[in-house]
Amino acid sequence: MVDVKAPATGSGADNSSERRRTHRLQIAMPVILRGKTGTHPFEEQTQTVSVNANGCMVKAAANLSRAQNVSVINPKTAEELPCRVSYVGQRDGSKIEIGLEFSEPSPLFWRIAFPPEDWDPSERKRPSGPRQSPKR
């Protein structure tokens, strides 16, 4: 199941980091990060925490810094996009939550359909009863 977080609304500069240009989908998708830490190249297989048309959030072991340039690869399509580290969170065990922003919006990179901008997750249809197996 995919959980969708709608863009945060708010006024004022204090909320600028909370506003989203596109819907963020909470989904674990395999990705490969490629870049350099100092002068040493690295490549790490990991997965997303969330994705949107402008990038993703991953948990990675690589020691990355904000504004650092890296590439993210979709292993299912072998497509590689340049991006920049926009957020570095706290270490959680051996992994750090890393926000990555594509150089340009690329909603097709994920090969999933994003909800329309006016979509309200609270209006999402819920199953009304127990699922019945098909009759044979």
Side-chain angles (χ1 to χ4, degrees):
M1 177 193 270
V2 176
D3 185 24
V4 177
K5 286 190 178 180
T9 58
S11 58
D14 292 350
N15 292 334
S16 63
S17 65
E18 292 298 317
R19 279 183 259 150
R20 295 271 167 237
R21 291 171 281 183
T22 59
H23 286 289
R24 179 172 39 182
L25 302 176
Q26 306 295 317
I27 186 170
M29 297 180 71
V31 292
I32 300 169
L33 296 181
R34 184 181 287 160
K36 288 186 177 181
T37 52
T39 59
H40 298 61
F42 78 90
E43 187 171 290
E44 179 178 346
Q45 293 184 10
T46 188
Q47 64 183 14
T48 62
V49 174
S50 63
V51 303
N52 70 15
N54 297 297
C56 62
M57 181 78 68
V58 298
K59 285 198 175 183
N63 190 17
L64 303 177
S65 352
R66 195 155 191 235
Q68 180 176 349
N69 292 318
V70 296
S71 292
V72 64
I73 301 163
N74 182 336
K76 292 186 178 192
T77 63
E79 186 177 0
E80 181 172 352
L81 287 179
C83 48
R84 143 187 110 70
V85 175
S86 59
Y87 170 80
V88 178
Q90 298 295 317
R91 183 168 291 281
D92 181 17
S94 64
K95 304 274 184 163
I96 301 173
E97 203 167 65
I98 304 287
L100 300 171
E101 181 179 18
F102 296 146
S103 297
E104 58 186 54
S106 301
L108 299 178
F109 180 77
W110 303 112
R111 302 300 194 265
I112 58 177
F114 287 93
E117 291 300 317
D118 62 350
W119 186 74
D120 182 356
S122 67
E123 295 174 3
R124 186 169 72 183
K125 292 182 181 178
R126 304 265 184 207
S128 58
R131 294 180 78 180
Q132 296 181 4
S133 58
K135 294 182 180 179
R136 295 182 184 198

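Computed from a predicted structure; not experimentally measured. Quick note: residue numbers are just sequence positions, from 1.
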query: If we only count heavy atoms from C-beta on, is the Phe102 to Asn52 side-chain gap below 4.5 Å?
result: no
task: Look up atom CG in Asn54 and atom OG in Ser86, then write down how far apart they are to the nearest 0.5 Å.
output: 10.0 Å
- request: Look at the side chain of Glu97 and the backbone N and O of Tyr87, then say whether any donor-acceptor pair between them is shorter than 3.5 Å.
  value: no
- request: Decide yes or no on side-chain contact (heavy atoms from CB on, under 4.5 Å) for Cys56 and Trp110, but give the supporting numbers first.
  value: CA-CA 10 Å; Cys56 62; Trp110 303 112; 3.6 Å; yes
field: Note, Val58 side chain near Val49 side chain (heavy atom, < 4.5 Å)
entry: no
- line: Across all chains, not counting sequence neighbours, the side chain to side chain donor-acceptor pair (under 3.5 Å) partners of Glu43 are Arg34
- prompt: Can you name the closest pair of heavy atoms from Ala53 and Pro107 and give their distance?
  reply: CB-CB, 3.6 Å
message: With rounding to the nearest 0.5 angstrom, report the CG to CZ distance, Asn63 to Arg91.
response: 6.5 Å
query: Which heavy atom in Ala60 sits nearest to a heavy atom in Leu33, and how many Å separate them?
result: CB-CD1, 3.8 Å
- request: Could you pull out the closest heavy-atom pair between Ile73 and Glu80, with the gap in Å?
  value: CG1-CG, 3.6 Å
- request: Search all heavy atoms of Pro30 against all heavy atoms of Pro75 and return the closest pair with its distance.
  value: O-CD, 3.2 Å
- request: List the atom of Glu44, the atom of Ala61, and the distance in Å for their closest heavy-atom pair.
  value: OE2-N, 2.7 Å
- prompt: Is Glu79 atom CD crowded by more than 12 heavy atoms from other residues, nucleotides or ligands, each under 6.0 Å away?
  reply: yes
Min side-chain heavy-atom separation Val70-Phe42 under 4.5 Å: yes
field: Rounded distance [0.5 Å steps], OG1 in Thr77 versus CZ in Arg111
entry: 5.0 Å
query: salt bridge (Lys or Arg N to Asp or Glu O under 4.0 Å): which pairs involve residues 55-69, sequence neighbours left out?
result: Lys59-Asp92
message: What I'd like to find out is whether the side chain of Thr46 reaches to under 4.5 Å of the side chain of Lys95, using heavy atoms alone.
response: yes
query: When rounded to the nearest 0.5 angstrom, what is the spacing between CG in Leu100 and CG in Asn69?
result: 11.0 Å
Distance, nearest 0.5 Å, that separates CD of Gln47 from CE of Met29: 10.5 Å
statement: One should read off an interatomic distance between Lys36 NZ and Leu64 CG, to the nearest 0.5 angstrom, of 14.0 Å
query: Are Ile32 and Val72 side-chain neighbours, meaning at least one heavy-atom pair lies under 4.5 Å?
result: no
- prompt: Closest heavy-atom contact between Val85 and Ser65?
  reply: CB-O, 3.3 Å
